[in-house]
Number of protein chains: 2
Amino acid sequence: MKNLQIHITVSEDLYLKNPESSVLGKKIVSKSIELIDQLGFEAFTFKKLGIAIGSPESSVYRYFDSKRSLLVYLYAWYWSWMEYRLVFGTINHTSAKEKLKSAITLLCSPIETDQTFEHIDEVILNRIIVAESIKVSHNKTVDEQNQKGLFNPFKQVIERVSAFISQINPDYPYPNMLVFAMVDGAIEQSHFASHFPKTTDEINSKTIIADFYTDLIFKAIQ
Amino acid sequence: MKNLQIHITVSEDLYLKNPESSVLGKKIVSKSIELIDQLGFEAFTFKKLGIAIGSPESSVYRYFDSKRSLLVYLYAWYWSWMEYRLVFGTINHTSAKEKLKSAITLLCSPIETDQTFEHIDEVILNRIIVAESIKVSHNKTVDEQNQKGLFNPFKQVIERVSAFISQINPDYPYPNMLVFAMVDGAIEQSHFASHFPKTTDEINSKTIIADFYTDLIFKAIQ
DNA sequence: CATTATTGATAGTAATACTATTATATTTGC
DNA sequence: GCAAATATAATAGTATTACTATCAATAATG
């Protein structure tokens, strides 16, 4: 995948100045990923970020008008990246069943680093999404941000997988709910598994979440 | 259910002074439910709460050491109440299948007011759980609070339903994951349905979430 | 009715989430 | 290569938040 000129585009409404347009911007993004992961979103501040990158917090504010906007940006980037992975990961299959199977694996397995995007560590970003992304959607500003299209990449992921299901069984009545349950559930299961081992099931393999949803979804739609 | 002497007990570690032990304490709880619902958790402050109940914020701090603790208290109360509903709602069935069916309905249907607990409006509390409870579990203090037993009522709900599944089909390999997916998913589906109608499916009935999970779970476990 | 516990009233503090201003680099167009 | 525009640094300042502290007033209890 190296040297492939692919670019994840994030809606212009989600930043004041495009962080991909400068060295400082990229430093802001990559260092904030590190810091949010270490400190948690609540304890993360632009002041701490400024110190970490050797710039005043006022410089950070030229890219994002709040720390929440930065999280929203990361969220949008992550789901755009997931959509790109989904498209690339299913394009070569001819049958809808194979596509669905790949999609489930892709969305439910532990993330590996993608060398294509240098300033973003996808493994850490995934941890942030698992731990913090819920704060993007569970907020009084959610409707406003929905209108700005923030959730489009997320919705598109759901729609794409949903379409595979409808191809396999056009009569299944809940394709969207089922895929939503999986996409959202995989993240929550992975969060809860790491904090409350007993909520989930014994076998502690890396594929258990994907196995669970593969079994569940194929049983549901036949 | 009136005049029944039932009491939801919340672990002593979750408050400084038991809010059920005084008029002020109950006012704090019932008014905070209203305010968090109206303002959202981020904009909710003890100062605003103090003004709303006509007491200084320092008085509120004698019951809870932070607004987060208050949310944690509400979370613990809610899941204890759900467990009580679950026990009462399944006790009269003889077959595990009937128990499971009732449990799903109970956990996935819109909440109705329970007159048993006067100072708590369960309908509004449910809205708070849907919108904000995720902030209880997605926080750097989660492991500490887990050790204090905060999540026990939630886990017990999962275990009880999981036990019904194992009775029906002892060979189903993911009973806990399946129930977790439902309990957590029902909340998230209801949140997303109210903000992003298109993520979920067309039929906008009050029973759709329960219908979806009933179909899903019974297909999964046979 | 004296002691104790509870609440009210008020003040204060450190940190947070920004905004504003001016100086200094750095880039860009010509 | 130099002026003009732009980006960043350095610093200061503000309103709000999330508490803590103190002491007086009131209510409950023995």
Side-chain angles (χ1 to χ4, degrees), chain A residues 12-32 35-36 38-75 119 132 135-136 139-141 144-145, chain B residues 12-32 35-36 38-75 119 132 135-136 139-141 144-145:
Chain A
E12 287 184 20
D13 290 326
L14 302 182
Y15 49 74
L16 298 174
K17 183 176 154 77
N18 191 346
E20 304 241 330
S21 70
S22 72
V23 180
L24 180 62
K26 283 179 192 160
K27 262 165 80 182
I28 286 170
V29 169
S30 69
K31 204 72 190 180
S32 69
L35 275 182
I36 293 174
Q38 278 170 32
L39 305 172
F41 186 64
E42 279 71 31
F44 167 79
T45 68
F46 278 2
K47 188 157 204 177
K48 288 172 188 169
L49 175 60
I51 290 164
I53 60 175
S55 286
E57 54 175 334
S58 54
S59 292
V60 180
Y61 276 102
R62 268 190 232 99
Y63 288 85
F64 297 102
D65 63 10
S66 67
K67 69 172 182 171
R68 194 168 186 279
S69 304
L70 208 171
L71 186 64
V72 161
Y73 174 89
L74 296 177
Y75 178 91
H119 66 298
E132 318 284 0
K135 290 160 196 168
V136 172
N139 188 282
K140 286 279 171 191
T141 65
E144 194 188 313
Q145 264 157 340
Chain B
E12 287 184 22
D13 290 327
L14 302 182
Y15 48 74
L16 296 175
K17 184 176 153 73
N18 191 345
E20 304 239 329
S21 71
S22 72
V23 180
L24 180 62
K26 284 178 192 161
K27 263 165 77 181
I28 287 171
V29 169
S30 68
K31 205 72 188 180
S32 70
L35 277 183
I36 293 173
Q38 278 169 33
L39 306 172
F41 186 64
E42 278 72 32
F44 167 79
T45 68
F46 278 2
K47 187 157 204 177
K48 288 172 187 168
L49 176 59
I51 290 163
I53 61 175
S55 286
E57 54 174 335
S58 53
S59 292
V60 180
Y61 276 102
R62 278 193 210 96
Y63 288 84
F64 297 101
D65 64 8
S66 67
K67 69 172 183 171
R68 192 164 189 281
S69 303
L70 209 171
L71 185 64
V72 161
Y73 175 88
L74 296 177
Y75 177 90
H119 66 300
E132 318 285 359
K135 290 160 196 170
V136 171
N139 187 281
K140 285 279 171 192
T141 66
E144 195 187 314
Q145 265 158 339

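As a basis for the values below, the full set of heavy atoms in this structure was taken, side chains included, without hydrogen atoms, waters or symmetry mates. This is a predicted model, so every value here is computed, not measured. Chain naming here is simple, since letters A, B, ... match the order of the sequence lines and numbering starts at 1 in each.
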Listed pairs, N/O of protein and of nucleotides 14-18 of chain C, under 3.5 Å:
| from | atom 1 | to | atom 2 | distance (Å) |
| --- | --- | --- | --- | --- |
| C:dA17 | OP1 | A:Lys67 | NZ | 3.3 |
| C:dC18 | O5' | A:Tyr61 | OH | 3.1 |
| C:dC18 | N4 | A:Glu57 | OE2 | 2.9 |

Selection residues 40-49 of chain A - residue pairs positive for side-chain hydrogen bond (donor to acceptor under 3.5 Å, both in side chains), sequence neighbours left out
A:Glu42-A:Lys135
Using the side chain to side chain contact (heavy atoms under 4.5 Å, CB included) criterion, which residues pair with A:Arg68? Sequence neighbours excluded.
A:Ser66, A:Val72, A:Asn139, A:Thr141, A:Gln145
Any non-hydrogen side-chain atom of A:Leu35 less than 4.5 Å from a side-chain atom of A:Gln38?
yes
Do you know the tightest heavy-atom contact between B:Ile36 and B:Glu132?
CG2-CG, 4.1 Å
Spacing of CD1 belonging to A:Ile51 relative to NZ belonging to A:Lys31, to within rounding of 0.5 Å
12.5 Å
Quick one: side chain to side chain contact (heavy atoms under 4.5 Å, CB included) partners of B:Lys67, sequence neighbours excluded?
B:Phe41, B:Phe44, B:Phe46
On DNA chain D, which is the earliest and which the latest nucleotide, 5' to 3', with an atom closer than 4.0 Å to a heavy atom of chain B?
D:dA18 to D:dA21
Partners meeting ring pair (Phe, Tyr, Trp, His ring centres under 6.0 Å) with B:Tyr73 (sequence neighbours left out)
B:Phe64
Could I get the full list of side-chain hydrogen bond (donor to acceptor under 3.5 Å, both in side chains) partners for B:Asp65, not counting sequence neighbours?
B:Ser69
Please report how far the helix from C:dC1-D:dG30 to C:dC30-D:dG1 bends, comparing the axis fitted to its first five pairs with the axis fitted to its last five, to the nearest 10 degrees.
30°
Below 3.5 Å is the cut-off: list the nitrogen or oxygen pairs between protein and nucleotides 3-8 of chain C, distance only.
| from | atom 1 | to | atom 2 | distance (Å) |
| --- | --- | --- | --- | --- |
| C:dT6 | OP1 | B:Lys17 | NZ | 3.4 |
| C:dT7 | OP1 | B:Tyr63 | OH | 3.1 |
| C:dT7 | OP2 | B:Tyr63 | OH | 2.9 |
| C:dG8 | OP1 | B:Ser55 | OG | 3.1 |
| C:dG8 | OP2 | B:Ser55 | OG | 2.8 |
| C:dG8 | OP2 | B:Ser59 | OG | 3.1 |
| C:dG8 | O6 | B:Arg62 | NH2 | 3.2 |

Quick check: closest heavy atoms across B:Ser32 and B:Leu74, and the distance to 0.1 Å?
OG-CD1, 4.4 Å
Output all residues satisfying side chain to side chain contact (heavy atoms under 4.5 Å, CB included) with B:Tyr63, sequence neighbours left out; order by chain, then residue number.
B:Lys17, B:Pro19, B:Ser22, B:Leu24, B:Ile28
